[in-house]
Amino acid sequence: SKKKGLSFEEKRARMMEIFFETKDVFQLKDIEKIAPKEKGITSMSVKEILQSLVDDGMVDTDRIGTSNYFWAFPSKALHARKRKLEELESQFAESTQKKEALQKSIEKSKTGREDTAERAALIEELAGLRQKKEQLKAEIDKYRECDPDVIEEMRQTNRIAKEAANRWTDNIFSVKSWAKRKFGCEESRIDKSFGIPEDLDYID
């Protein structure tokens, strides 16, 4: 029977099965024939799915003559997943450290000061970042099982976490600018008072 409603990640996982089960090398036209028949992947989406796997380093490709060939072996995929996991864990630790530093800055900024719109926005962002931290931790736990289905989702989650960290940094800079205008404080004095690192900057 024709299978419907496969998600993008399910299609990626099934296409990887083609390579892992056969341990063979294919041209695009070969996969376009095999994928719909054996894995229920529509032929229209084969090229997009394959390219996403190539972009993630899960499938290798090379051009020989006028033809492109694709292959993937389980041992390389496992190594790639372990390397990606280490990278994500490092980024997670960095985001956690930055979040804790920003949280301390917010707590210190409350002392002897009235509530401001900037502080309220920071507190709201902090709550969101806490939730995102838990979501990212849960995704890392899933990734430790070496499930290829979560790779793309992890990339998106990491991008969101990075953007959140940069928003935090931007908010800190905004609060510092406001404090300088409002109270005429020097930037170094603000940094020292609120425990803001001198080298605080955006994540590239």
Side-chain angles (χ1 to χ4, degrees), residues 1-96 98-99 128-129 131-167 202-204:
S1 61
K2 183 178 180 181
K3 297 182 179 180
K4 299 180 180 180
L6 289 177
S7 69
F8 187 76
E9 288 305 324
E10 287 173 333
K11 292 177 182 178
R12 283 163 54 92
R14 293 193 180 195
M15 186 168 292
M16 289 303 297
E17 289 175 0
I18 296 175
F19 292 105
F20 290 168
E21 291 170 358
T22 63
K23 297 181 177 62
D24 204 350
V25 178
F26 301 96
Q27 291 182 261
L28 176 60
K29 62 182 180 180
D30 299 324
I31 301 176
E32 287 176 334
K33 293 178 181 178
I34 297 172
K37 182 178 179 180
E38 297 187 8
K39 298 299 179 181
I41 304 172
T42 58
S43 57
M44 294 288 291
S45 63
V46 167
K47 186 174 182 180
E48 178 188 3
I49 299 299
L50 181 60
Q51 186 59 50
S52 75
L53 294 172
V54 171
D55 292 341
D56 286 345
M58 296 180 65
V59 172
D60 292 313
T61 183
D62 196 8
R63 187 175 184 85
I64 302 176
T66 59
S67 301
N68 289 322
Y69 292 86
F70 303 89
W71 68 94
F73 301 113
S75 58
K76 181 179 185 296
L78 177 60
H79 178 71
R81 286 195 295 271
K82 288 182 177 178
R83 186 174 63 250
K84 186 66 176 180
L85 175 58
E86 292 173 355
E87 177 184 346
L88 288 169
E89 287 178 332
S90 175
Q91 292 172 346
F92 175 74
E94 182 180 350
S95 296
T96 299
K98 186 172 288 292
K99 188 219 68 168
L129 192 55
Q131 182 179 4
K132 184 56 64 180
K133 174 188 173 183
E134 293 303 317
Q135 293 174 352
L136 185 56
K137 183 177 183 298
E139 291 298 334
I140 289 178
D141 289 340
K142 288 169 57 180
Y143 199 82
R144 287 195 178 94
E145 300 299 325
C146 294
D147 183 355
D149 291 354
V150 304
I151 292 178
E152 180 64 20
E153 187 176 355
M154 290 298 294
R155 291 176 67 244
Q156 294 300 325
T157 300
N158 180 59
R159 178 183 60 79
I160 292 171
K162 176 181 175 182
E163 290 174 354
N166 282 334
R167 283 199 303 272
Y202 297 99
I203 300 175
D204 295 328

- Message: So E38 and I18, do their side chains get closer than 4.5 Å, heavy atoms only?
- Response: no

- Note on the structure: Of all heavy-atom pairs linking I41 and K11, the shortest is CD1-O, 3.4 Å

- Message: How close do I49 and S52 get, counting heavy atoms only, and between which atoms?
- Response: O-OG, 2.7 Å

- Message: Ignoring hydrogens, what is the shortest heavy-atom contact between F70 and F19? Give both atom names and the distance.
- Response: O-CE2, 3.6 Å

- Specify the closest pair of heavy atoms between A72 and M58, including all atoms of both residues, with the distance to one decimal. CB-O, 3.4 Å

- Any idea which heavy atoms bring K23 and F73 closest together, and the distance? O-CE2, 3.8 Å

- Sequence neighbours left out, what passes salt bridge (Lys or Arg N to Asp or Glu O under 4.0 Å) with E94? Give chain and number order. none

- Message: With heavy-atom distances below 4.5 Å as the criterion, would you say the side chains of D62 and Y69 are in contact?
- Response: no

- Message: Can you confirm whether M15 sits close enough to V59 that some side-chain heavy atom of one is under 4.5 Å from a side-chain heavy atom of the other?
- Response: no

- Task: Looking only at non-hydrogen atoms, find the nearest pair between L6 and G40 and report the distance.
- Result: CD1-O, 3.3 Å

- Item | Among E21, E32, E10, salt bridge (Lys or Arg N to Asp or Glu O under 4.0 Å) partner for K39 | E21

- Show the numbers, then the answer: is there a salt bridge (Lys or Arg N to Asp or Glu O under 4.0 Å) between E134 and K137? CA-CA 5 Å; E134 293 303 317; K137 183 177 183 298; 5.9 Å; no

